Number of protein chains: 2
Amino acid sequence: MNIDPTELAPSARDRFDRMHSEIRSRICLLDYAPGTRLSEEALAAEFGISRTPLRRVLVRLEGEGLVQSVHGVGTFVTDVKIAELTQTYQLRLELAELTGKLGAVAPDATLWQELRALSARSKALLTDPDARRFAELNMDFFIALLKLTTNEPLKDICERLYFKTTRIWLKSVFASKIDLADEVDVFDREVHDILRALEIGDLHAASLIQRAHISMSFERMRRGT
Amino acid sequence: MNIDPTELAPSARDRFDRMHSEIRSRICLLDYAPGTRLSEEALAAEFGISRTPLRRVLVRLEGEGLVQSVHGVGTFVTDVKIAELTQTYQLRLELAELTGKLGAVAPDATLWQELRALSARSKALLTDPDARRFAELNMDFFIALLKLTTNEPLKDICERLYFKTTRIWLKSVFASKIDLADEVDVFDREVHDILRALEIGDLHAASLIQRAHISMSFERMRRGT
DNA sequence: CCGTACAATGATGTGTACAACAAATGAAGC
DNA sequence: GCTTCATTTGTTGTACACATCATTGTACGG
């Protein structure tokens with residue numbers, strides 16, 4: 001077993017990335033629901049540092065639109081209004097399709113292995129639906145699909161918009177258990193269809209399937225709300 | 001003459017926005033060329049504040065990919081490698097066209113006035129080319145055109161990518177005086193063509209013209225380099 | 001003359017105390 | 001009982017001193 005060098009000598013950059021990634025996950029997996037106040041002091045204590053470096057993370061998250069700091073009041077996880085949400089989803093549709101056009105590449109052996117593992121997790125969720133595991137799987141699958149394009153700026157933007165909006169969709173899914181079973185079922189079909197498209201090497205089709213599912217999941221959310 | 005309330009009571013937020021906008025402009029207008037080191041102490045002194053709030057601005061700019069801080073070395077204005085630049089321009093092409101599709105709106109009276117003023121500035125540059133004024137006009141025109149779409153996330157992304165890449169293009173234009181005259185000429189035609197398209201209410205055509213010019217200007221830069 | 005170790009220097013990163021601000025609280029006045 | 005305002009409390013924002021890191025110059029040994 002090799003030793004992770006970042007574990008032994010956690011540089012400033014590593015600490016920052018770690019905290020940023022951790023807090024972002026908590027926000028996007030609804031550990032911190034929209035409206036939640038994030039205590040600088042409490043978080044700093046949890047990570048074993050002072051407020052100063054933690055604030056740096058919060059400033060970054062604020063730049064990504066995930067939190068908002070108000071002087072004398074607190075730092076809050078942002079909510080997204082229906083109007084902005086609609087606009088963002090319209091944009092995500094187009095961008096999803098773009099990933100199949102700009103610098104699209106077929107999965108390599110590693111990615112195939114990862115996709116198969118994700119598919120297995122999806123199957124497992126069918127028989128035993130679980131909100132939290134569904135949220136994690138959804139995120140992991142999205143991140144994995146981004147590896148199908150080599151266009152880095154496009155990747156960054158898709159990821160950014162995903163983190164900004166999917167948590168709102170998740171919130172509405174988490175609200176009722178019935179919808180969760182439906183969503184898991186739909187999601188498993190999406191995974192299945194996309195893998196089929198990738199198996200025959202049709203990257204554009206894969207992106208179109210993804211586009212369709214983004215569109216439909218937003219529509220289901222709109223009706224549910 | 002009304003009094004600007006932000007002048008009398010500059011809150012923390014106002015100060016932050018002001019500094020962020022100012023430094024971003026300096027980077028994008030090449031006052032701070034790629035590779036330049038930004039001294040936290042010097043900038044803090046210039047704005048009359050301590051390093052702490054200034055660092056907040058730098059962290060934001062780092063999140064936008066305009067600067068990069070290295071512990072013990074300095075904070076530097078980023079350069080963009082040709083590979084990433086190519087990918088970004090490919091993306092900007094598609095996004096420019098998207099602005100003509102997602103939430104496109106015709107200019108209102110205020111915007112028309114602004115566009116006419118920009119056109120006049122462009123004409124003035126034809127007879128008296130000036131690198132700095134060209135850079136400012138180019139930026140102002142781009143920002144003005146963004147008002148043609150109501151899709152806020154799309155706006156943000158286009159603006160972000162513009163600030164990230166146009167300074168690199170400007171750098172190559174600034175390198176030789178001959179190219180500047182050419183670029184000013186091409187730019188004036190772009191302004192003219194887009195205004196014509198807008199006059200007949202063809203928003204999609206306007207976005208296509210913009211797309212074409214982004215593509216061609218990148219091609220000219222590639223050959224010039 | 002060359003290479004290496006090491007100290008000096010200057011940069012960003014961090015910890016801490018305090019200021020500025022907004023909301024909650026309580027008592028005084030009507 | 002209700003309103004109003006001063007006070008208290010808790011939060012983010014700021015200033016400053018210090019730690020940490022990377023570079024550079026220098027002296028020493030070969």
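Residue numbering restarts at 1 for every chain, and letters A, B, ... go by the order of the sequence lines. Model, not experiment: these values are computed from the prediction. Because only heavy atoms are used, hydrogens play no part in the values below, and waters and symmetry mates are left out as well, while side chains stay in.
Regarding E41(B), its CD atom lies at a distance of 9 Å from the P atom of dT12(C), rounded to whole Å. Taking atom CD of Q68(A) as the reference point, atom P of dG13(D) lies 11 Å away to the nearest angstrom. Between the CG atom of L54(B) and the P atom of dG13(C) there is a distance of 12 Å, rounded to whole Å. Put simply, CE on M19(B) is 12 Å from P on dG13(D), counting in whole angstrom units. Taking atom NE2 on H71(B) and atom P on dA11(C), their separation rounds to 13 Å, with Å as the unit. Between F47(B) atom CZ and dT14(D) atom C1' the separation is 17 Å, expressed in whole Å. Between the CG atom of L61(A) and the P atom of dT12(D) there is a distance of 14 Å, given to the nearest Å. Atom CZ of R56(B) is separated from atom P of dG13(C) by 16 Å (rounded to the nearest Å).
In this structure, the nucleotide among dG13(C), dT14(D), dT12(D) sitting nearest to the side chain of T75(A) is dT12(D). Minimum atom distance to the side chain of S50(A) is reached by dG15(C), of the listed dA22(C), dA15(D), dG15(C). Here the side chain of R37(B) is nearest to one of dT12(C), dA22(C), dA15(D), namely dT12(C). Taking the side chain of E40(A) as heavy atoms from C-beta on, and the options dA15(D), dG13(D), dT20(D), the nearest nucleotide is dG13(D). Of the candidate nucleotides dA20(C), dG13(C), dG15(C), dG15(C) has the atom lying nearest to any side-chain atom of P53(A).
Across all strands, L58(A) comes closer than 4.0 Å to no nucleic acid atom at all (heavy-atom distances).
Projected onto DNA chain C by closest heavy-atom contact, I49(A) and V70(A) fall at different nucleotides, the more 5' of which corresponds to I49(A).
The pair E64(B)-R24(B) fails the salt-bridge criterion, with no side-chain N (NZ, NE, NH1 or NH2) lying under 4.0 Å from an Asp/Glu carboxylate O. Salt bridge E46(A)/R26(A): present, at least one basic N to carboxylate O contact under 4.0 Å.
Heavy-atom contacts from other residues, nucleotides or ligands closer than 6.0 Å to CD of E41(A) number 12 or fewer. For Q68(B), the CD atom counts as loosely surrounded, since its 6.0 Å shell holds 12 or fewer non-hydrogen atoms of other residues, nucleotides or ligands.
Within the 4.0 Å cut-off from OP1 or OP2 of dT14(C), not a single side-chain nitrogen or oxygen of T52(A) is found. For dG13(C), neither phosphate oxygen OP1 nor OP2 lies less than 4.0 angstrom from any side-chain nitrogen or oxygen of R13(A).
With hydrogens and angles disregarded, a donor-acceptor distance shorter than 3.5 Å links the side chain of R167(B) to the backbone of F163(B).
R51(B) contributes a side-chain N or O that forms a donor-acceptor pair with the base of dG13(C) under 3.5 Å.
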